[in-house]
Every structure is written in C-alpha cells, then in structure tokens.
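Counting begins at 1 with the first residue of the sequence. Note that ligands are numbered from 1 as they come in the structure, with each ligand's atoms numbered from 1 the same way.
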Amino acid sequence: MNFLQKLNNAVDKSNSLLCVGLDPQMDKLPEHIKRQKYPFFEFNKAIIDTTYELVCAYKPNSAFYEALGPNGILQLKMTSEYIQKKYLEIPVILDAKRGDIGSTNNGYVKFVFEYLNVDAVTLHPYLGKESLKPFLNLKERGIIILCKTSNPGSGEFQNTTVDGEPLYMRVAKLVSGEWNEYNNCLLVVGATYPSELKEIRRIAPHMVFLIPGIGAQGGKVSDVMEHGLDENKRGLIINSSRSILYASTGKDFAEAARAEAKKLRDEINRFR
Ligand code: OMP
C-alpha cells in the first residue's frame, strides 16, 4: 500500500481530514510529564491514545526533537514506532523540510525512511527536481513539497513573479505535473493564504495538500474548506499542533487535546 492509499483508508476510517502535529516543547509540558525519562514520548503517547480515532495522520516536526540531541531523536523514533505498532493504519508524516544535493539527500532518505520508517516527509523544492530524485523515486512514500507556506514572510520569495506568474504557482505546476511521475507528491499550502490556496487548487485539482496554519497561526477552517477541498470533498490534510497539544497544560492535557481535536474534526466535517 502506498502513502496516498494509506491516507485515504485512514480518512475513511476516522471520517477526518485532521492531522495532529506532534510538536512537544519542554516548557509547555505538564509537570508530571516533564519528570519522566522520555517526556516527549510520554506526552505524545498520551495525545495519540486519546486522539487516534479523530485523525487521518500524525505529523511530528523534527525540530522539536533535534533540539534535545540524541535523546530527542530517540523519542522521535519511539513515537513513530509506537504509532506503527499500535495504530498501524494511521500514516506518520515527518515534518523535516529537507532538501540538498542528490547525493546528500540519500542520507536524509536513510534517516527518514530507514531509521525512522515514517510514511511521508516534507521537503524544499529550491534545489530542483534532479536533486530530489532520491525522494521522488520512492513510489510508496509521500513526498510533500513546500509550495505556499503559512508564515507572514512567505511571500518574499514565493510570491516573486517568474515568467509572469508567482513562484508558488510555478512550484505547484511542476510538482503536480512532471515531478509527480509516481503519483506520490503532495503540496504544502498554508491555511493563512486562502486566495493562493484557491489558485493552487484550480491548477492541481487532484492533488492532496498538507494545510498547516489552523489554530495558533490564525488560519480559518471555513476558508480552507471553501477553497481547498477537491471534487470528492477530501484532498486535504489539515494540521494543527499547538491548539490541540496545549489545550490544557494540567493533568487533564490529553482529555483536553481530545476535546479540541474532536471540535476541529467536527468543524471541518461540517463543510464536507
Ligand atoms: P501550529 O501552528 O502549532 O499548529 O504548528 C504548525 C506546524 O506546521 C509546525 O510544525 C510548523 O513547522 C508546520 N508548518 C507550518 O506551520 N507552516 C508551513 O507552511 C509548513 C508547515 C509544515 O510543513 O507542516
């Protein structure tokens, strides 16, 4: 089964387009979790055990784990293994935003798909298709390319006009076309840019988009659903991290995260 089939099955089973971002931060963890040997893993485990029925994917962002050094990387691996063992049907997306020359990308491929063995990864397109071949050739994995990112300054390069169109449109056309030989590519489009999302959906009607920016960054579910859904009322992986993970920082954090995830999943489904 390839990534998109696994994702589709998970969407069917959970009736959800929601992805919970597993982005733990030490200063935001409940006190009793901070004292554990593997605090990020224990935190993630509790979040996963209360939200697994409500999500179509989990997305740990490597930055938070790298910040702890080897112990953090180990906890990232433990998290990915936990999902694979207990909730095998739910795909794991490593948010790592990698991308280097081809020979170096081989190292990233090993880390992401051999050591961590996740289902998909986020990548920069800046070095071009040739450089990303070690990823693009992996027919079973999800190759998720940054197109229009959610941050306030994303227009600095991404909205630059190239041959009469914004760079993000050029990225969307290439990735949905000639980069997508094995039908394993997805695009990242921030929830904070609904009119760009509309344009990108128009030229990539069948692609799945990873949509960050809901919750803490201010993106609106209604905008995303109006402009991003595909003809089958799916085609979106809608991520939220902080608004779910830190719904409460007390002992009830996991139940609060579940309630928040359910609220968001149901809000999304009202537009489907
Ligand atoms: P929250 O703002 O807490 O929901 O987290 C958003 C998550 O999505 C973080 O892990 C970001 O690094 C990631 N992200 C963005 O916020 N904006 C983007 O344009 C792309 C991503 C991403 O690739 O997931």
query: Does some non-hydrogen atom of K59 fall short of 4.0 Å from ligand 1?
result: yes
- request: Using distance alone, with no hydrogens and no angle criterion, decide if S248 and D252 have a side-chain donor and acceptor under 3.5 Å apart.
  value: yes
task: Each residue besides I101 in its hydrophobic cluster should be listed here, by chain and number; the cluster joins Ile, Leu, Val, Met, Phe, Trp and Tyr at side-chain heavy-atom distances under 4.5 Å.
output: Y126, L127
task: Note the single closest protein heavy atom to atom 12 (O) of ligand 1, along with its residue, its atom name and the distance in Å.
output: N61 ND2, 2.9 Å
- prompt: Given that the side chain starts at C-beta and the backbone is N, CA, C, O, which of these parts of N151 lies under 4.0 Å from ligand 1, counting heavy atoms, or is it both or neither?
  reply: neither
task: Specify side chain, backbone, both or neither for T149, according to which of its non-hydrogen atoms lie closer than 4.0 Å to ligand 1.
output: both
task: Taking only heavy atoms of N239 into account, list the atoms of ligand 1 that are under 4.0 Å away from them.
output: 6 (C), 7 (C), 8 (O)
message: Does this structure show an ion pair linking D119 with R141, if we count only N-O contacts that are shorter than 4.0 Å?
response: no
field: Nearest-neighbour protein heavy atom for atom 19 (O) of ligand 1, which is reported as residue plus atom name and distance
entry: S150 N, 2.8 Å
field: atom 4 (O) of ligand 1 - nearest protein heavy atom and its distance
entry: S241 N, 2.9 Å
F113 versus G142, closest heavy-atom pair with distance: CZ-O, 4.5 Å
message: Tell me whether D23 has any N or O atom under 3.5 angstrom from an N or O of ligand 1.
response: yes
statement: If you scan protein heavy atoms around atom 23 (O) of ligand 1, the nearest is K97 NZ, 3.1 Å
task: State, to 0.1 Å, how close G215 and S240 come at their nearest heavy-atom pair, and which atoms those are.
output: CA-OG, 4.4 Å
- prompt: Step by step, would you call Y52 with Y58 a ring pair (Phe, Tyr, Trp, His ring centres under 6.0 Å)?
  reply: CA-CA 9 Å; Y52 71 95; Y58 287 108; 8.9 Å; no
- prompt: Any salt bridge between K262 and D266, counting N to O under 4.0 Å?
  reply: yes
- line: Here the pair of heavy atoms bringing C56 nearest to I237 is SG-CG2, 4.4 Å
task: Report yes if Q217 has an N/O atom closer than 3.5 Å to an N/O atom of ligand 1; otherwise report no.
output: yes
message: Is there a polar contact between ligand 1 and T122, counting only N or O atoms under 3.5 Å apart?
response: no
field: Nearest-neighbour protein heavy atom for atom 20 (C) of ligand 1, which is reported as residue plus atom name and distance
entry: P212 CG, 3.3 Å
task: Could you find the nearest protein heavy atom to atom 3 (O) of ligand 1 and give me its residue, atom name and distance?
output: R242 NE, 2.6 Å
- prompt: Taking only residues at least two apart or on different chains, which pairs with a member in residues 211-229 satisfy side-chain hydrogen bond (donor to acceptor under 3.5 Å, both in side chains)?
  reply: S150-Q217
